[in-house]
Amino acid sequence: MSATALRTHRAGELSRAHLGQAVRLGGWVHRRRDLGGLVFIDLRDRAGLVQLSCNPDWTPPAVMERAASAGAETVVLVTGTVALRPEPARDRELASREIEVHVTDLEIAGPAQTPAISVARKDKEELAAEELRLRHRVLDLRRPELQQNLILRHRLLQRARRTLTELEFLEIETPILTKPTPEGARDYLVPSRVHPGEFYALPQSPQIYKQLLMVAGYDRYFQIARCFRDEDLRADRQPEFTQIDLEASFVSAEDIQQVVERILVDLWAEAGVAVARPFPRLAWRDAMERYGIDKPDLRYGYEIRDLTPLLGGDAAPFLADVRTAGGRVRGLVVPGGAALTRKDLDALAASAKEAKAGGLIWARRGSGAWEGQGVKAAGQILLDALGGREGDLLLAVAGPDAVTSPALHAVRTALTRRPDVQPTQAHAFTWILEFPLFELDPATNQQVPAHHPFTAPHPADRDMLERAPGQARALHYDAVYNGNELGSGSIRITEPALQRRIFELLGMSEAEIRRRFGFLLDGLAAGAPPHGGFALGFDRIAMLLSGATSLRDVIAFPKTTTARALFEGAPTPVSADDLLSLHLKRAEE
RNA sequence: GGGGCUGUAGCUCAGCUUGGUUAGAGUGCCGCACUGUCACUGCGGAGGUCGCGGGUUCGAGCCCCGUCAGCCCCGCCA
């Protein structure tokens, strides 16, 4: 399969099975070892490395000379014979260790300047600075690690396509030049040349299109969709990213979860990891109560408990104050945690304070005696009530849930990162169900959709929409893996009247609803089947499965944290003529 | 929008704490030698606007201010 007009094999494919065969290879000079009379070259291609052996016994003088002069990263075309290496010289490092290629001809096909960053790193040689790696991206992409990441990414994409196709999903593309929609993030806008003053937007997701495909009767849709959001970036966030986007008709939330579980199990299998189904399910409220976060890492224990009812009348006065103010005291038990040093405790307290907690209360039981801070009186009662044993540590935070949840999540995360802490399982998937339909935007004190405005309310909470919208649950579910949100989905609103009412609750006028979402409402009015769907963050999945720590290591040409492309140099200023033809004028400062 | 870290040879870094002779190391690069190496080895050599601008000082890689770039985090990302 790898044979072409110019080569018979890939270098990395050669093995003992090819002994004695005449081969022709094309690849890059990874390393060269010139012993004077002998020259060895490690030849690299996407399949791996093979050693080329140039020896006057089988290599003509002119070829010896060319081999000796081929610098790192030069592209060479090689003719030779696969041979067994001399016994003591067999290298255990290379996949093709037992064999080498006796070179009879070698041409320089693509001379290379001395590489600005090294592709063939020595043992322990540090990676070049990321800025240089991005600037010289072709060289960085030659590194076997990045090649492995992108090869795995390819296999994951193909596996997702195969699974979805087996499940009778149709891959349908949707527009990239689309209509600005008031989703959460800022849009990337594209000016129209033929319509002065008008703009397309790049899609933040194909959300409305996929719902309209359901209305159009396509039943099950998927797309490996590129999405664009003009927001500030992180290690796990790029301005353009890829989702495995899907939608299906005549389904319940459970149906969608089955499909997503199947995809995730197949993707993890593709990466060599077996995971069991079904995934555990956790209501959003319970996740917040037990872990303080809507994407808990279930590889670890340290569940959060409500200590408020356990506090007797002798509780410290400030705890009583918290209680009367409607807050609670919540905490967790660290088995064996009494061994933590004062410095460890200070570090944990710092993470709680960074999450805006007033402070971290602790109590520990050493050999018989109780020590503590803030809850001296209550510590023993609490630990006893929680089943804490000698050597255990109690950590607690007081205040409203909005304070204690993030603080205890931060404490719990800090605990799990301690080197002596072992996860109880390697791969912990979970579903988070029944998210709230709305949440309060702290900046504007306005009701905003927790997910997006097309999410259906929970049928049991339908009457709460008017009475207490903040209490209403949604048919919205997230897939969570080891504390990472992999994706999000929901059952959608299909009644035009209800969809209209949701828009109103979000503060939109009739005219605004018409202008922004008229095409969706018209679609729903055309006979909409019940439907719902999901979107998986594919880059993040590829990152987790390849063991990378940044999305940039699973994307061929990524952007920097300021959304710049250092390799090709985008964005870039355009000429006055270009602006003019787009009817644009640069705003004066 | 805010906070933090980093920026010295092609690359990776030391030097900065406490300002003072000619800014070092490893690697890469160039030259010479070398017939079984595999991080080849040995000898020799070239290579620096110390990110950029300004300031303090007799004197700045080092101190101060500003700025640019990369990375990490908060806000933001339905």
Side-chain angles (χ1 to χ4, degrees), chain A residues 30-43 49-59 64 68-69 71-73 83 85-94 96-97 100 102 113-136 139-140 181-187 204-205 207-208 227-239 241 351 354-356 406 410 435-439 441-443 447-455 474 476 478 485 488-490 502 506 535 537 549-550 552 559-562 564 566:
Chain A
H30 191 65
R31 257 193 275 272
R32 188 188 63 225
R33 293 174 293 279
D34 182 351
L35 274 61
L38 299 176
V39 177
F40 297 97
I41 289 174
D42 294 337
L43 186 73
L49 297 170
V50 74
Q51 173 167 280
L52 306 178
S53 172
C54 304
N55 183 315
D57 292 350
W58 51 74
T59 310
M64 287 298 297
S69 73
E73 299 308 312
R85 290 195 187 190
E87 184 71 43
R90 288 179 198 166
D91 176 13
R92 281 181 297 273
E93 295 300 310
L94 300 182
S96 49
R97 59 191 174 281
E100 63 186 4
H102 288 183
Q113 293 175 333
T114 300
I117 59 175
S118 58
V119 176
R121 282 184 303 148
K122 305 208 164 195
D123 291 352
K124 289 181 221 157
E125 182 179 339
E126 294 287 340
L127 222 45
E130 184 144 22
E131 183 177 353
L132 293 166
R133 291 175 46 206
L134 292 172
R135 214 173 278 287
H136 305 285
L139 291 175
D140 201 38
T181 54
E183 289 164 320
R186 286 183 204 94
D187 284 316
Q204 297 182 27
S205 79
Q207 180 62 33
I208 294 179
C227 305
F228 306 84
R229 292 178 194 174
D230 187 5
E231 293 291 344
D232 290 341
L233 307 177
R234 291 283 191 283
D236 63 349
R237 242 192 264 163
Q238 282 274 305
F241 58 98
S351 41
E354 203 175 326
K356 304 287 191 294
F435 275 74
L437 189 59
F438 301 108
E439 57 194 22
D441 182 345
Q447 206 88 250
V448 295
H451 183 39
H452 57 49
F454 320 117
T455 302
H476 163 197
D478 276 9
E485 182 197 320
S488 193
S490 64
I502 295 285
L506 295 172
T549 52
S550 161
R552 294 182 295 273
K559 307 272 189 293
T560 68
T561 46
T562 57
R564 259 186 201 287
L566 296 182

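Naming: A, B, ... by sequence-line order, numbering from 1 per chain.
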Interatomic distance, [X] [atom1] vs [N] [atom2] [rounded to whole Å]:
X        : N      : atom1 : atom2 : value
A:Arg121 : B:rU12 : CZ    : P     : 12 Å
A:Leu49  : B:rA39 : CG    : C1'   : 14 Å
A:Gln204 : B:rC77 : CD    : P     : 10 Å
A:Glu126 : B:rU6  : CD    : P     : 16 Å

Are the side chains of [Y] and [X] in contact, using a 4.5 Å heavy-atom criterion?
X        : Y        : value
A:Arg229 : A:Pro239 : no
A:His476 : A:Asp478 : yes
A:Pro449 : A:Leu437 : no
A:Gln204 : A:Cys227 : no
A:Glu439 : A:Val448 : yes
A:Gln207 : A:Phe454 : yes

Distances under 3.5 Å between protein N/O atoms and the N/O atoms of nucleotides 48-52 of chain B, please, pair by pair.
none

What does [N] pair with, Watson-Crick or G-U, if both distances are under 3.5 Å?
N      : result
B:rG61 : none
B:rA69 : B:rU6
B:rG31 : B:rC43
B:rC11 : B:rG26

[atom1] atom, [N] versus [M]: distance in rounded Å?
N      : M      : atom1 : result
B:rU22 : B:rU17 : C1'   : 24 Å
B:rC11 : B:rC50 : P     : 15 Å
B:rC29 : B:rC76 : C1'   : 47 Å
B:rG75 : B:rU8  : C1'   : 35 Å
B:rA23 : B:rA60 : C1'   : 13 Å
B:rA14 : B:rG51 : P     : 13 Å
B:rG26 : B:rC72 : P     : 32 Å
B:rG44 : B:rC68 : P     : 47 Å

Where [X] and [Y] come nearest, the two heavy atoms and their spacing:
X        : Y        : answer
A:Thr455 : A:Ala474 : CG2-CB, 3.6 Å
A:Glu73  : A:Pro115 : CG-CG, 3.9 Å
A:Ala185 : A:Glu231 : CA-OE2, 3.5 Å

Is it true that [X] and [Y] have a side-chain N and a carboxylate O under 4.0 angstrom from each other?
X        : Y        : result
A:Asp140 : A:Arg133 : yes
A:Glu130 : A:Arg552 : yes
A:Arg33  : A:Asp42  : yes

>> Any base atoms under 4.0 Å from A:Ala450, or only sugar-phosphate, or nothing? Heavy atoms, all strands.
In response: sugar-phosphate
>> Students often get this wrong, so: under 4.0 angstrom with heavy atoms, is A:Asp230 touching a base, only sugar-phosphate, or nothing?
In response: nothing
>> For A:Asp187 and A:Phe228: C-alpha separation, side-chain torsions, deciding distance, then whether side chain to side chain contact (heavy atoms under 4.5 Å, CB included) applies.
In response: CA-CA 7 Å; A:Asp187 284 316; A:Phe228 306 84; over 6 Å; no
> Are A:Arg33 and B:rU37 close enough that a side-chain N or O sits under 4.0 Å from OP1 or OP2?
Replying inline: no
>> Taking the minimum atom-to-atom distance to the side chain of A:Ala128, which one of B:rC77, B:rU35, B:rU12 wins?
In response: B:rU12
> B:rC40, B:rG36, B:rC11: which one has an atom nearest the side-chain heavy atoms of A:Arg31?
Replying inline: B:rC40
> In terms of the nearest nucleotide of RNA chain B, which residue is placed more toward the 5' end: A:Glu439 or A:Leu127?
Replying inline: A:Leu127
> When the nearest nucleotide of RNA chain B is assigned to A:Leu38 and to A:Ser118 on a heavy-atom basis, which residue is associated with the more 5' position?
Replying inline: A:Ser118
> Nucleotide by nucleotide, 5' to 3', does protein get under 4.0 Å of the base (B), only the sugar-phosphate (S), or neither (-) in nucleotides 68-75 of chain B, counting heavy atoms?
Replying inline: -SSBSSBB
>> What does the B/S/- profile of nucleotides 25-34 of chain B look like, 5' to 3', with a 4.0 Å heavy-atom cutoff to protein?
In response: --SSS----B
